[in-house]
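In what follows, a structure is listed as structure tokens, so that the remarks can point back to it.
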Amino acid sequence: MDEIDVPPFFLCPISLEIMKDPVTVATGITYDRDSIEKWLFSTKNDTCPVTKQPLLLPDLTPNHTLRRLIQAWCTVNASNGIQRIPTPKPPVSKSNVEKLLKDASNSPLLQTQCLQSLKSIASQSESNKRCLESAGAVNFLASLVTGNAGSSSPSTLTDDDDFVFRTSAEDEALSILHTLHLSETGLKTLMGFKSGEFLNSLTRLMQRGVYESRAYAVFLLKSMSEVGDPVQLIHLRSEMFVELVQVLKDQISHKASKATLQALIQLCPWGRNRIKAVEAGAVPVLVELLLDCKERKPCEMMLVLLEILCQSADGRAGLLSHAAGLAIVSKKILRVSTMANDRATRILLSVCRFSATPCLVQEMLNLGVVAKLCLVLQVDSGNKAKEKAKEILKLHARVWRNSPCLPSHFLASYPTSA
């Protein structure tokens, strides 16, 4: 196929591959539907990739003439191994989706069939996902997750069968909500659904222990925390933080752990949530994970979250009560990144300012933390880390500078006390 001369106007300007479903945007440029939809919806761009002009209302008009030309060219070149592209299905209409949702809402017997249809529709294209959202699918799916989508299963089923039916519907609805990659409006709809009932249902689903549902719940919560109203976020229940910490501890998947860290980082700047996370055991879990973590990005996120938690007295107490707390924070300095240096020295500065005792000051010396801080001043560790290291060393200069435990070659760079 590399030897075949493909007409340039058959190629999508984004992917440079032969278009299967050419569509034209408002600027007059034609793209492959899949490529332009990913550009507009998945990566949340709002400009034409070629002209850079804004696309306020992305209206994708099928270019039937170009599609037929491509199909004819494929037919002519069939002997060269070129397969004819099939005629694409038209995007689903909003009215059809609304009828599907209405029928399922009025008849619980149709809910399973509706979920299968919604999943199939969402898998076909990004525009279908946006259509489902605009047609009211978010509220319908949220009602299934919370168990409020009408009556339960048929009376002929046993109680156990009914539980399985409802559980399956909850899991499937949650999976579809994750698949939709909801817009900010859709995420805010979930946040406020029935006065926070959806958020409580996410906690319940994480407690139940089904792997997929726990992961999808974390993914949604992470996205919701990025757009949620602070008033809603501050009043999250303690049980949710317990489940988030448990997901982090269980390490059910790399993506779920990353999403959990991102969610907690978004939620914990508020004092109440910080305390809830500490009480849920976040600090010792982070320390244990840092002991084995060798990847840059996860290390950075763990240190960011640990620094936020150490802004509270309980967070600092949790760090100091762990036998490896101070040691692992110090160890990550100069081993991960400039950002990690900054966060780790922030943690140590919080400890030295507000939680320093004679025993702790001596422990930091014995563990080599002081020597590491002196090293920070001598190497390229980032200006922010240097400033904090210097401040820490000055705070306890009388003890550390004159101690025989401090290597003599560090004394020349030791900052004088203010």
Side-chain angles (χ1 to χ4, degrees), residues 199-200 202-207 209 214-215 217-226 228 230 232-332 336 339-340 342-351 353-355:
L199 287 169
N200 297 335
L202 288 185
T203 303
R204 175 172 51 80
L205 287 169
M206 284 192 285
Q207 290 171 334
R214 293 178 75 193
V218 168
F219 296 147
L220 276 174
L221 182 61
K222 188 270 291 187
S223 298
M224 293 161 66
S225 67
E226 293 173 347
Q232 294 173 307
L233 298 177
I234 290 172
H235 291 92
L236 293 177
R237 293 185 176 182
S238 299
E239 291 83 357
M240 176 166 285
F241 289 87
V242 171
E243 295 310 315
L244 285 172
V245 172
Q246 189 62 47
V247 170
L248 200 58
K249 183 178 181 179
D250 292 343
Q251 293 285 285
I252 60 177
S253 77
H254 179 76
K255 289 184 177 180
S257 297
K258 179 181 178 182
T260 304
L261 287 170
Q262 290 172 324
L264 287 170
I265 289 171
Q266 292 284 344
L267 297 173
C268 288
W270 289 284
R272 292 182 183 179
N273 290 346
R274 196 179 301 147
I275 296 301
K276 294 171 188 175
V278 171
E279 291 177 345
V283 174
V285 170
L286 288 171
V287 172
E288 293 292 334
L289 292 176
L290 278 169
L291 288 170
D292 298 322
C293 185
K294 294 179 176 60
E295 297 181 44
R296 180 182 64 84
K297 193 62 178 179
C299 273
E300 288 177 345
M301 288 193 292
M302 290 177 201
L303 288 169
V304 167
L305 179 56
L306 194 57
E307 188 268 324
I308 294 173
L309 299 180
C310 284
Q311 292 174 20
S312 69
D314 290 344
R316 293 189 294 274
L319 177 69
L320 297 176
S321 64
H322 195 292
L326 280 177
I328 191 58
V329 172
S330 174
K331 184 179 179 179
K332 293 303 178 182
V336 181
M339 178 183 179
D342 175 43
R343 294 296 175 167
T345 51
R346 281 174 185 249
I347 294 170
L348 296 176
L349 181 57
S350 291
V351 170
R353 271 181 178 168
F354 306 111
S355 303

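To the nearest 0.5 Å, atoms CD (Glu307) and OG1 (Thr345) are separated by 9.0 Å. Atom CD1 in Ile328 sits 11.5 Å away from atom CG in Leu286 (nearest 0.5 Å). Here the straight-line distance linking atom CZ of Phe241 with atom CD of Glu279 works out to 10.5 Å at 0.5 Å rounding. The CG atom of Asn200 sits 8.5 Å away from atom CD of Glu239, with the distance rounded to the nearest 0.5 Å. Rounded to the nearest 0.5 angstrom, Lys222 NZ and Gln266 CD are separated by 8.5 Å. To the nearest 0.5 angstrom, Met302 atom CE is 9.5 Å from Leu305 atom CG.
No donor-acceptor distance shorter than 3.5 angstrom exists from the side chain of Ser330 to the backbone of Leu326, with no hydrogens or angles considered. Using modelled atom types, no side-chain atom of Asn273 and backbone atom of Leu236 make a donor-acceptor pair closer than 3.5 Å. Side chain of Lys332 to main chain of Leu303: no donor-acceptor pair is present (N/O by atom type, distance under 3.5 Å, no hydrogens or angles).
Thr260 and Leu244 make their closest contact through CG2-O, 3.2 Å (heavy atoms, listed as atom of the first residue, atom of the second, distance). What you find for Arg274 and Pro269 is that their closest heavy atoms are NH2-O, 2.6 Å. The two residues Val283 and Gly318 make their nearest non-hydrogen contact at CG1-C, 3.5 Å. For Val336 against Cys299, the heavy-atom pair with the smallest separation is CG1-CB, 3.9 Å. The heavy-atom pair separating Ile308 from Cys268 by the smallest distance is CG2-O, 3.5 Å. Taking both residues in full, the closest heavy atoms of Leu267 and Ser225 are given as CD2-CB, 3.9 Å, listed atom of the first, atom of the second, then distance.
The shortest distance between side-chain heavy atoms of Lys276 and Arg237 does not fall below 4.5 Å. Residues Leu199 and Gln232 are not in side-chain contact: their nearest non-hydrogen atoms beyond the backbone lie 4.5 Å or more apart. With a 4.5 Å cut-off on side-chain heavy atoms, Glu288 and His322 count as touching. Taking the side chain as every heavy atom from C-beta outward, Val329 and Val351 never approach each other to under 4.5 Å.
Ser257 pairs with exactly one of Gln251, Gln262, Lys249 by the side chain to side chain donor-acceptor pair (under 3.5 Å) rule, that one being Gln251. Here the options are Met301, Glu300, Lys297, the test is side-chain contact (heavy atoms from CB on, under 4.5 Å), and the partner is Leu261; only Met301 passes.
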Candidate pair Arg214 and Gln246, rule side-chain contact (heavy atoms from CB on, under 4.5 Å), full reasoning: CA-CA 10 Å; Arg214 293 178 75 193; Gln246 189 62 47; 3.9 Å; yes

Residue pair Met339, Val304: steps toward the side-chain contact (heavy atoms from CB on, under 4.5 Å) verdict: CA-CA 9 Å; Met339 178 183 179; Val304 167; 3.4 Å; yes

Residue pair Leu221, Met240: steps toward the side-chain contact (heavy atoms from CB on, under 4.5 Å) verdict: CA-CA 10 Å; Leu221 182 61; Met240 176 166 285; 3.5 Å; yes

